[in-house]
Structure formats: C-alpha cells, structure tokens
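For ligands, and for the atoms within them, numbers begin at 1 and follow the listed sequence.
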Amino acid sequence: MDCKTGTEHIKSLQDGRTVYIDGKLAGDVTVHPAFRNSVKSAGMLYDYQADPANIELMTFQPNGTNRRVNRAWQMPRNYAEMVHRRKAMQAWARLSGGFMGRSPDHLASSIVGQVMGIDVFEKHGAARAKALRDYYEEASRNDYFLTYVIINPQAERGKDWGEQTEDLVARIVDEDAGGITIRGAKMLGTSSIMANEVFVANLQPLKAGEEALAFSCALPMSAKGLRVLSRKSYEAAAVSVFDNPLSSRFDENDALIYFDDVKVPWERVFVHRDPDMCRAQFHDTPGHAYQNYQAQIRLSVKIKFLCGLAHRLTEAIGTTNMPPVREQLGFLAAQVSMVNAMMAGMEAEGTMRGEYYVPNRHFMYSAQVLTQDLYPKVINTLRDLSGGALIMLPSSIHDFADPQLAKIIGLTQRAAKMTPEEKVKFLKVAWDAIGSEFGSRHTQYEMFYAGARFVTTGHSYRTFDWADATGMVDQMMSSYQLKDELAPANVRQSR
Ligand SMILES: Cc1cc2nc3c(=O)[nH]c(=O)nc-3n(C[C@H](O)[C@H](O)[C@H](O)COP(=O)(O)OP(=O)(O)OC[C@H]3O[C@@H](n4cnc5c(N)ncnc54)[C@H](O)[C@@H]3O)c2cc1C
C-alpha cells in the first residue's frame with residue numbers, strides 16, 4: 001500500500017531553505033549536526049505509519065486518491081472515528097515519549113478543524129474559502145509536515161501590536177494581482193526545520209486599524225525571503241545518545257521566522273486584512289479546539305512516560321516501598337489518569353458541527369489550564385523523588401572507556417534491580433527529560449505553547465456554561481422569599 005515514508009520526507013527537506021544557526025547558514029538541515037538526528041526522528045514517524053503492521057491504525061485513504069495519508073487529516077464524523085484517529089496520534093507520540101510536541105498531526109488537526117468551519121471563510125470571501133479548501137487538499141494528499149507561527153514576537157507587551165517598531169511584527173507591505181508581500185517576524189516556529197511548510201496567522205487579538213497585520217497564509221519553508229533563525233541546538237550540544245537520549249534525537253527546534261519581503265500568491269492567502277477574521281478562523285471554526293485536542297492527546301502519553309520515569313527513579317535508589325514515596329507515586333498516577341480522563345471526556349462529550357464530530361471545547365480548555373499548571377509540578381515531583389542521583393553521574397560515555405574509571409562506576413552506581421550500566425543509562429534519560437536544557441525547554445513549552453495562563457483561563461471562562469451554574473444559584477434563591485419569611489406564621493418566637 002502506497003504511503004509517505006521517512007526517506008521521502010527527509011529528501012523533501014533538501015529544498016534550499018534558509019536556516020541560520022551560530023552565525024552561519026546551515027545549508028542542508030538533513031545532514032547538519034544541529035538538526036540531522038531530529039530530522040531522522042521526523043522520518044521515523046513516517047516510516048512507522050508506512051509499516052504494513054501499522055498502516056491501518058495510522059493512515060486512511062482520502063476519496064479519489066490511491067495513496068494513504070496520516071489519520072490526522074481525517075475529519076471524524078462520529079465518536080468512533082474520533083477515537084480511532086486519537087489512537088493513531090497516541091501511537092506516534094509514544095515513539096518519542098511525547099517529546100516531539102509539534103509532530104505533523106498538530107497542524108493537520110488545526111487545518112482540518114478550520115476546514116470543518118469553511119462557512120466562516122465563505123463569509124470572509126469565496127476566494128479565501130477556496131484557497132483554504134484547496135490547501136487542505138494539497139497538504140493532506142501530500143501528507144505534508146506543517147508547522148505554524150501564529151504568535152507575534154514578544155517585544156513591548158504594554159503596546160498594541162500595531163504600535164510596535166516597524167518591521168518587527170509580520171505585516172502586509174504590498175499587494176498586487178499576484179498576491180501579498182509580507183515583512184517582519186513571528187515566533188516560534190517549532191519543528192520548522194523539519195517541516196515542509198509553515199502556516200502563518202495571527203491568534204493574538206487585533207483591533208481596527210491593524211489590518212496590515214491581519215492575514216493568514218501558507219508558505220513552503222523554501223520560500224524566497226523566508227529566514228529561519230534557530231535557537232541553540234540541544235542536539236548539537238549532546239555528547240552521545242547514551243548521554244542525552246532525548247535531546248540528541250528529539251530536539252524538534254524552535255525558531256524565529258523572519259519574512260524578508262516574502263511574496264504569497266493569492267491562492268495561499270486565507271485571511272486578508274480582517275482583524276476579526278484572524279480570531280474567527282480559529283475560534284468560530286473547530287480549528288483551535290482540534291489543534292489543542294491533539295496537544296492534550298500528546299500530553300496524555302508524555303505524562304504517562306514521566307510517571308514511568310518516576311517509578312523507575314524510585315527503583316534506582318531503592319525507595320519504592322517506602323510509604324511516603326508510594327503516596328507520591330499514587331498521587332502522580334492519579335494526575336496521569338486525570339489527564340487521560342479529561343481527554344476521554346472531550347471525546348465522549350463531543351458534539352456535531354454540521355457533518356463533523358468536534359471535541360467538547362470547554363473540557364479541552366479546562367484540560368489546557370490545568371495541565372499547563374500541572375506539568376511543572378510533575379517535574380518537581382520527579383526532582384523530589386530523585387535527590388542527587390540525577391547528578392552523581394559519569395561525565396560521559398568516555399568514562400566507561402577507561403578501565404579504572406569503569407571499575408569505580410561499577411562500584412558506585414549501585415541499585416537493587418539495575419546493573420551499574422543500566423542505572424547510569426536510566427538516570428541519563430531521567431535527567432534529559434526533567435533537568436537538562438532540553439528538559440527545561442519542555443517545561444517552558446508545556447507552560448506556554450497554548451498561551452500564557454491569562455489567555456488559557458480566558459478561553460475557559462468564555463466557553464463555560466455560566467448560565468447553567470448561576471441558574472442553579474438563582475433556583476435555590478427562588479425557593480424562599482423575604483416576605484414569606486416575615487409572615488406572622490413563619491416568624492420564630494423569640495424570648
Ligand atoms: C518552547 C516554545 C515553543 C513555541 N512554539 C510555537 C510555535 O511553534 N508557533 C507559535 O506560533 N508559537 C509558539 N510559541 C509561542 C507561544 O505560543 C507563546 O509563548 C505563548 O502564546 C505566550 O505568548 P508570549 O510568549 O508572548 O508570552 P506573554 O503573552 O507575553 O506572557 C508572558 C507573561 O507576561 C505576563 N503578561 C503578558 N501580557 C499580559 C496580560 N495582558 N495580562 C496579564 N499578564 C500578562 C504574564 O505573566 C505572562 O505569563 C512557543 C513558545 C514556547 C515557549
């Protein structure tokens with residue numbers, strides 16, 4: 001059965017994109033030491049879905065095509081299809097312990113959700129709606145790996161976006177019969193070095209007068225003038241896979257994207273000079289709900305992985321059976337199940353939007369608020385459970401190569417259920433997940449990828465059924481009246 005493979009994806013990244021790192025042009029990202037292993041991990045996702053053993057779970061065949069593509073592109077029409085699609089996403093997330101946060105199913109979910117609400121784009125203009133529908137066809141049929149930049153670079157938060165220094169925030173600087181030209185920046189382009197295309201939009205509120213900032217579009221990563229400024233590569237800083245098992249392979253990268261007068265053809269412009277439509281494209285369609293539902297699915301895997309790390313940590317230092325430690329593990333397990341239960345709740349309490357099944361939005365936003373708060377707490381519990389074990393480690397694999405040092409490692413890295421080599425191997429995974437620069441970036445990611453707390457709680461407030469909650473209070477109060485209480489028959493006799 002024909003389906004995109006890892007080799008095909010990696011080859012597609014050799015497209016002449018302009019990526020900068022450490023003051024230089026990176027050239028081919030598939031071989032550059034800052035990116036090559038992470039690129040291979042992206043390839044691994046496609047090889048996994050193309051494996052005949054996984055192809056039914058992971059892919060489906062869109063009507064009128066002869067190639068299967070990832071299920072993230074599928075638009076569920078009922079609960080069962082939604083759950084099937086979710087299982088495919090969980091299977092992908094398990095390949096990296098949930099540490100590839102911006103795997104291709106995230107953006108596919110966003111696009112799928114937006115297309116489910118194509119009526120919103122029709123109101124904005126038939127040409128823009130057609131552009132989005134055609135883009136969905138192109139991206140899904142080619143099983144593109146997409147990333148997005150929908151947030152403006154953090155600058156002077158006390159000023160409106162339109163008041164920031166010129167050329168900071170990406171905006172339309174020109175347009176003609178062929179399309180629009182954009183200049184300025186967006187952050188933070190996670191996975192952009194390993195993506196085929198970038199979806200550019202504006203999720204933060206805009207006001208009248210800021211029309212030049214109010215657009216959305218899609219561009220190939222190799223578009224002329226599109227510059228990717230990578231952050232520090234944790235992969236490049238990794239000593240070996242044994243020393244940095246996660247950062248050496250799953251450093252999906254984040255980057256500032258600078259649009260240096262990039263021309264976007266009209267057939268790839270979805271929102272044009274309309275501040276309210278920038279909001280509506282995510283919030284009046286199921287786009288925002290779908291992209292963040294995927295994020296919670298991915299987190300359900302990651303948090304279980306962290307819980308597994310916690311248990312092994314206690315085995316490594318022999319504390320598992322101590323009652324206070326058991327209590328901490330039990331509490332962690334409850335938190336993992338809470339994340340999973342919220343995900344199941346979003347699905348079970350979903351609703352139809354036209355012919356499509358959509359997860360329960362308020363349950364999804366509640367999960368977002370609670371998990372951005374939960375993640376650093378879980379990391380702290382792991383630190384608490386481990387003490388100095390995470391630090392009392394050989395500096396690198398090279399210590400094992402020296403017989404004298406290897407002997408001392410053998411004597412000092414003791415555990416009841418692990419050999420010294422197994423113990424060091426395990427503790428290096430644990431440190432990479434929770435304490436390394438890579439692990440620390442993950443805490444920042446989980447706290448902020450969906451917006452700061454004031455943003456996520458705003459979504460929670462907006463989507464909660466306040467009428468039902470306050471209605472119960474009103475009903476309670478309507479069951480008694482002051483005048484009745486004051487009626488002579490009801491007044492208690494006081495002495
Ligand atoms: C690792 C990582 C990866 C990311 N990847 C992507 C990506 O791929 N694509 C993308 O588009 N974006 C990405 N982002 C950006 C992310 O969406 C933003 O960081 C997030 O929306 C928060 O915006 P901000 O960083 O501007 O923080 P702010 O909104 O400035 O918030 C920072 C803090 O400032 C305070 N604050 C600011 N404004 C207010 C206010 N009005 N009221 C109250 N308090 C306020 C709060 O204390 C808040 O916690 C990524 C971020 C991180 C950390």
Side-chain angles (χ1 to χ4, degrees), residues 38 42 98-111 114 145-161 163-164 168-170 182 184-207 213 215-219 221 226 228-234 246-247 250-259 278-279 281-283 287-288 291-292 294-295 298-299 302 365 368-369 371-373 375-376 379 436-461:
S38 307
F99 279 87
M100 288 183 77
R102 204 46 66 72
S103 46
D105 41 345
H106 184 74
L107 250 287
S109 297
S110 180
I111 304 289
Q114 291 180 49
F145 187 151
L146 306 181
T147 184
Y148 61 17
V149 280
I150 55 178
I151 299 294
N152 297 321
Q154 221 178 4
E156 293 192 53
R157 292 301 261 125
K159 284 184 178 173
D160 286 338
W161 293 115
E163 292 170 355
Q164 305 285 336
L168 172 70
V169 181
I182 54 176
K186 289 270 177 189
M187 71 175 196
L188 233 168
T190 299
S191 283
S192 53
I193 53 116
M194 58 180 86
N196 298 114
E197 302 227 340
V198 58
F199 183 81
V200 190
N202 193 98
L203 188 59
Q204 291 159 308
L206 293 177
K207 59 179 183 16
L213 277 60
F215 68 93
S216 87
C217 63
L219 286 161
M221 286 302 300
L226 193 158
V228 180
L229 274 70
S230 168
R231 63 152 161 75
K232 173 183 175 180
S233 163
Y234 310 137
L246 304 177
S247 47
F250 306 126
D251 181 14
E252 58 192 347
N253 198 272
D254 312 284
L256 179 102
I257 309 281
Y258 191 77
F259 302 93
C278 286
R279 176 201 60 76
Q281 99 175 104
F282 291 102
H283 292 297
H288 202 244
Q291 72 194 40
N292 288 302
Q294 182 280 340
R298 193 249 332 140
L299 183 69
K302 189 178 186 181
Y365 287 127
Q368 212 168 55
V369 170
T371 55
Q372 76 182 158
D373 198 44
Y375 193 87
I379 295 296
S436 67
E437 196 167 358
F438 170 89
S440 180
R441 175 264 176 204
H442 271 270
T443 302
Q444 202 71 6
Y445 181 80
E446 300 297 352
M447 290 171 72
F448 280 102
Y449 75 85
R453 190 185 161 88
F454 74 92
V455 173
T456 55
T457 49
H459 295 319
S460 168
Y461 182 87

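When non-hydrogen atoms are compared, ligand 1 lies under 4.0 Å from the backbone of Ile150 as well as from its side chain. Here Met187 has heavy atoms under 4.0 Å from ligand 1 in both its backbone and its side chain. Only the backbone of Tyr449 comes within 4.0 Å of ligand 1, counting heavy atoms alone; no side-chain atom from C-beta on gets that close. Here Phe454 has side-chain heavy atoms under 4.0 Å from ligand 1, and that is the only part of it that gets that close.
Between His442 and Phe438, the ring-plane angle classifies as tilted under the 30° and 60° cut-offs.
For Gln372 and Tyr449, the side-chain atoms include no donor-acceptor pair closer than 3.5 Å. Counting only N and O atoms by type, the side chains of His288 and Tyr365 include a donor and acceptor under 3.5 Å apart. A donor and an acceptor atom, one from each side chain of Gln444 and Ser440, are nowhere located under 3.5 Å apart.
The two atoms that bring Lys302 and Tyr375 nearest to each other are CE-OH, 3.2 Å, heavy atoms only.
Near Arg441, the atoms of ligand 1 lying under 4.0 angstrom from a non-hydrogen atom of the residue are 1 (C). Heavy-atom contacts of Val149 reach the following atoms of ligand 1: 11 (O) (cutoff under 4.0 Å). Counting atoms of ligand 1 from 1 in the listed order, those under 4.0 Å from a heavy atom of Ala452 are 22 (C), 31 (O), 48 (C), 49 (O). Within ligand 1, the atoms closer than 4.0 Å to a non-hydrogen atom of Thr190 are 3 (C), 4 (C), 5 (N), 6 (C), 7 (C), 8 (O), numbered from 1 in the order shown. Listed by atom number, the atoms of ligand 1 under 4.0 Å from Tyr445 heavy atoms are 1 (C), 2 (C), 3 (C).
Within a 4.0 Å radius of atom 8 (O) of ligand 1, the protein contributes at least one heavy atom. By the definition of a contact as any protein heavy atom under 4.0 Å away, atom 35 (C) of ligand 1 is not in contact. At a distance under 4.0 Å, a protein heavy atom can be found next to atom 40 (C) of ligand 1.
Atom 26 (O) of ligand 1 has Gln154 CG, 3.4 Å as its closest protein atom, hydrogens excluded (heavy atom only). Shortest contact from atom 29 (O) of ligand 1 to any protein heavy atom: Arg157 NH2, 2.5 Å. Scanning all protein heavy atoms for the shortest distance to atom 13 (C) of ligand 1 gives Leu188 N, 3.6 Å.
Glu252 and Arg441 are joined by a salt bridge, as a carboxylate oxygen and a charged side-chain nitrogen come within less than 4.0 angstrom of each other. Ion pairing between a basic and an acidic side chain is recognised when a charged N comes within 4.0 Å of a carboxylate O; Asp251 and Arg231 show such pairing.
A donor-acceptor contact shorter than 3.5 Å is absent between the side chain of Ser191 and the backbone of Met194. The main-chain N or O of Asn152 is found under 3.5 Å from a side-chain atom of Gln204 such that the two form a donor-acceptor pair.
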